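So the structure is just underneath, and the comments pick up after that.
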Amino acid sequence: HKLNQKIRFSLRLQRIADNPMVELKINEGTKPAQTIKANLEGEGNDYYIDYVFKKEAEFQVTILINNKELITYLVEIEK
């Protein structure tokens, strides 16, 4: 994926609570994980989270909903 371009993480969820707490836990190599609040968009069963990476690296990105890990992606960002 390209630096400074929006990446869309897509999810298919059967049911979701009203106003869930959604976070992205982002790991870069051996550095401590950074957890940030995220906006969950969508409707029905199809949802997504958009995020822009501002640094070239390989990241492990875990989506958490209400403090529970849902899925983990491996993302490589380059110029």
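Since this is a predicted model, take the numbers as computed values, not measurements.
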Enter the distance from [X]:[atom1] to [Y]:[atom2] here, rounded to the nearest 0.5 Å.
X   : Y   : atom1 : atom2 : value
I63 : L70 : CD1   : CG    : 6.5 Å
N27 : Q34 : CG    : CD    : 10.0 Å
E56 : K2  : CD    : NZ    : 9.5 Å

[X] and [Y]: same hydrophobic cluster, using ILVMFWY side-chain contacts below 4.5 Å?
X   : Y   : value
F59 : V52 : no
V75 : I49 : yes
L3  : I36 : yes
L40 : I26 : yes

Pairwise salt bridge (Lys or Arg N to Asp or Glu O under 4.0 Å) hits with a residue in residues 57-79, at least two apart: K25-E69

Could you check whether any side-chain heavy atom of I77 comes within less than 4.5 Å of a side-chain heavy atom of I7, counting everything from C-beta outward? yes

Listed partners of N66 passing side-chain hydrogen bond (donor to acceptor under 3.5 Å, both in side chains), at least two apart: none

List in chain and number order the residues that pass side-chain hydrogen bond (donor to acceptor under 3.5 Å, both in side chains) with T35, two or more places apart in sequence or in another chain; answer none if no residue qualifies. none

Could you tell me which residues satisfy salt bridge (charged side-chain N to carboxylate O under 4.0 Å, His left out) with K31, sequence neighbours excluded, listed by chain and number? E28

I'd like to check the salt bridge (charged side-chain N to carboxylate O under 4.0 Å, His left out) partners of K6; sequence neighbours left out, ordered by chain and number. D50

Please report the closest heavy-atom contact between T72 and Q60, naming both atoms and the distance. CG2-CG, 3.4 Å

Residues that Y51 engages under ring pair (Phe, Tyr, Trp, His ring centres under 6.0 Å), provided they are two or more places apart: F53

Pairs satisfying ring pair (Phe, Tyr, Trp, His ring centres under 6.0 Å), at least one member in residues 3-22, at least two apart: F9-Y73

Under 3.5 Å, which donor-acceptor pairs do the side chains of residues 10-23 form with other protein atoms, sequence neighbours left out?
unit_1	atom_1	unit_2	atom_2	d
R12	NE	D46	OD1	3.0
R12	NH2	D46	OD1	2.6
R12	NH2	D46	OD2	3.2

In this structure, are over 12 heavy atoms from other groups packed under 6.0 Å from N39 atom CG? no

